[in-house]
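What follows is a single structure, written as structure tokens, with notes after it.
When a ligand or atom number is given, it counts from 1 through the structure's own listing order.
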Amino acid sequence: MNFVVAIDGPAASGKGTITRRLADELGLTVLPTGDTYRCLALEVLRNGYGIDQIYEITELARQLDIQFRNDGEKECVFLDGKDVSDEIREPAVAKVGSMVSSIVKVREQMTLLQRRMAEGKNIIAEGRDMGTVVFPNADVKLYIDASEEVRAQRRYKEYVSQGIDITYEKVLKDLQWRDNNDKHKEVGSLKRTEDAMYVDTTEMTIDEAVEKIKSKIITKMKHKNEKKEKSTKLNNETTREKPAKMDDYDPIDM
Ligand code: DC
């Protein structure tokens, strides 16, 4: 039985970093679904499609060939066998990613792709609709948040460290546009739900957030394992009892 942790939250809330740390410490496979939308955006840009070319974009989504591989140091994203890890971080790709993710038909394809990528694995998936649409029966659901200013600062620092030439004001404006777009979609919009644990990282370090969440996941994992062991034991006992019952059966008594 698979174990699924579903993490949702707005851009630059810290969910990506927290997800990777939790995956390393708990031995889970990371599924960064934002990267799947970013890969699709890259394909749209490469093909020069307009956002209204819904049929063409949905076809691209259907044919996406994405792999997440660890090169020993970091997680890399491969699209059609080529490393696009840096390219998909560009601000323009992020914007088109949010735009294509508003198309209902595209989301249907991406949901199928993400479920396929999770098959047979114990995963920690992060995005905007993990707990609401893609994995509604996830074992643990989380919503990770932070104030708009703190998120814009984090994203700005990230861009600067990658050598991307951008101002803080532009990062803040892009973030506000993306938040608004991500929260107002016909399908799969970012929502904070009651069944998800809410973690605000505005005044928290990554270490603090990881510790807080880790204990919850470990408790759930133990609980699920215990349940599995109990049901296996019960199944074994039932099968062992059957021959004993057959021995009691005496056809002459009938
Ligand atoms: O998490 P991110 O910033 O890498 O995501 C890029 C875009 O993809 C984001 O603006 C919204 C979209 N997205 C989505 O609609 N659903 C997801 N599950 C993940 C991302």
Between [Y] and [X], is there a salt bridge with N-O shorter than 4.0 Å?
{"X": "R69", "Y": "D83", "value": "no"}
{"X": "E90", "Y": "K95", "value": "no"}
{"X": "K216", "Y": "D139", "value": "no"}
{"X": "R20", "Y": "E75", "value": "no"}

Specify whether Y156 and Y168 have parallel, tilted or perpendicular ring planes, treating 30° as the upper limit for parallel and 60° as the lower limit for perpendicular.
perpendicular
Does a donor on one side chain sit under 3.5 Å from an acceptor on the other, for T202 and D200?
yes
Among P10, S101, G127, which residue places a heavy atom closest to atom 12 (C) of ligand 1?
S101
Nearest heavy atom to atom 19 (C) of ligand 1, choosing from T33, V187, V133, V93, belongs to T33
Region of E126 that comes within reach of ligand 1 [heavy atoms, distance under 4.0 Å]
neither
Below a 4.0 angstrom heavy-atom separation, can you tell me which part of R128, side chain or backbone, both or neither, approaches ligand 1?
both
Tell me which protein heavy atom sits closest to [atom], plus the residue, atom name and distance to 0.1 Å.
{"atom": "atom 18 (N) of ligand 1", "value": "D129 OD1, 2.9 Å"}
{"atom": "atom 6 (C) of ligand 1", "value": "R178 NH1, 3.6 Å"}
{"atom": "atom 16 (N) of ligand 1", "value": "R107 NH2, 3.0 Å"}
{"atom": "atom 4 (O) of ligand 1", "value": "R38 NE, 2.7 Å"}
{"atom": "atom 11 (C) of ligand 1", "value": "D182 OD1, 3.3 Å"}
{"atom": "atom 8 (O) of ligand 1", "value": "Y37 CB, 3.4 Å"}
{"atom": "atom 5 (O) of ligand 1", "value": "G34 CA, 3.5 Å"}

Taking everything shown except K185 itself, do over 12 heavy atoms lie less than 6.0 Å from its NZ?
yes
For the NZ atom on K74, are there more than 12 heavy atoms of other groups (residues, nucleotides or ligands in this structure) within a distance under 6.0 Å?
yes
Given R151, R154, K212, the one that forms side chain to side chain donor-acceptor pair (under 3.5 Å) with T201
R154
Within the structure, is a non-hydrogen atom of M130 found at a distance of less than 4.0 Å from ligand 1?
yes
Less than 4.0 Å is my threshold; does some heavy atom of K185 fall inside it relative to ligand 1?
yes
